[in-house]
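The structure appears right after this line, and notes come after that.
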Amino acid sequence: VLTLYAGDTAYRSNTGWRNLPDAAAFQAASDRLGLFALADNGADSALLLTLDPGAYIAQVLSSGSPGVALVEIF
């Protein structure tokens with residue numbers, strides 16, 4: 001689960017990029033930026049946002065299994 005916080009408030013969260021309301025826009029932006037493709041049936045979480053200047057916290061939580069997380073911000 002990827003959650004973006006603005007202060008103490010959860011601003012946006014995602015548990016699979018295909019569940020995004022703007023999944024097609026996310027995929028188009030990824031292609032435009034030359035990012036590696038996420039698997040259509042994968043569990044990768046992602047967000048596509050335009051944010052106001054300020055401090056934000058990105059939190060990644062496991063679904064119960066240990067693993068490695070990579071967070072990239074563009």
Side-chain angles (χ1 to χ4, degrees):
V1 178
L2 171 62
T3 304
L4 184 70
Y5 286 86
D8 292 335
T9 303
Y11 182 74
R12 191 78 55 88
S13 187
N14 179 257
T15 57
W17 75 272
R18 277 293 196 192
N19 298 326
L20 290 169
D22 55 356
F26 171 80
Q27 195 164 26
S30 293
D31 293 345
R32 212 171 32 254
L33 292 170
L35 306 179
F36 61 88
L38 300 178
D40 285 339
N41 60 350
D44 298 295
S45 296
L47 296 169
L48 178 63
L49 305 167
T50 300
L51 300 170
D52 292 327
Y56 297 89
I57 296 170
Q59 180 186 53
V60 178
L61 295 175
S62 167
S63 60
S65 301
V68 176
L70 170 66
V71 177
E72 295 180 299
I73 300 171
F74 299 92

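Hydrogens, waters and symmetry mates are skipped; everything else that's a heavy atom, side chains included, is used. Just so you know, residue 1 is the first one in the sequence shown, and it goes up from there.
Between the CG atom of L4 and the OG1 atom of T9 there is a distance of 11.0 Å, given to the nearest 0.5 Å. Between atom CG of residue L70 and atom CG of residue D44 there is a gap of 9.5 Å, rounded to the nearest 0.5 Å. Here R12 contributes atom CZ and Y56 contributes atom OH; the two are 11.0 Å apart, rounded to the nearest 0.5 Å.
The two residues A29 and L48 come nearest to each other via the heavy atoms CB-CD1, 4.1 Å. Residues T3 and V1 share a closest heavy-atom pair of OG1-CG1, 3.7 Å. Residue A46 comes nearest to N14 through the heavy atom pair N-OD1, 3.0 Å, listed as atom of the first residue, atom of the second, then distance. Across G16 and S45, no two heavy atoms sit closer than the pair N-OG, 3.5 Å.
Inter-residue side-chain proximity for F26 and W17 is flagged as met; some heavy-atom pair is nearer than 4.5 Å. Q59 has its side chain out of reach of L2: every pair of non-hydrogen atoms, C-beta onward, lies at least 4.5 Å apart. Here the side chains of Q27 and R18 are in contact, with some heavy-atom distance below 4.5 Å. Residues L49 and Y11 meet the side-chain proximity criterion, which asks for heavy atoms closer than 4.5 Å. Side-chain contact check for V71 versus V60: some heavy-atom pair is nearer than 4.5 Å.
In the hydrophobic cluster analysis, where Ile, Leu, Val, Met, Phe, Trp and Tyr join through side-chain heavy atoms closer than 4.5 angstrom, L20 is grouped apart from F74. Taking hydrophobic clusters as Ile, Leu, Val, Met, Phe, Trp and Tyr residues chained together by side-chain heavy-atom distances below 4.5 Å, F36 does not share a cluster with V68.
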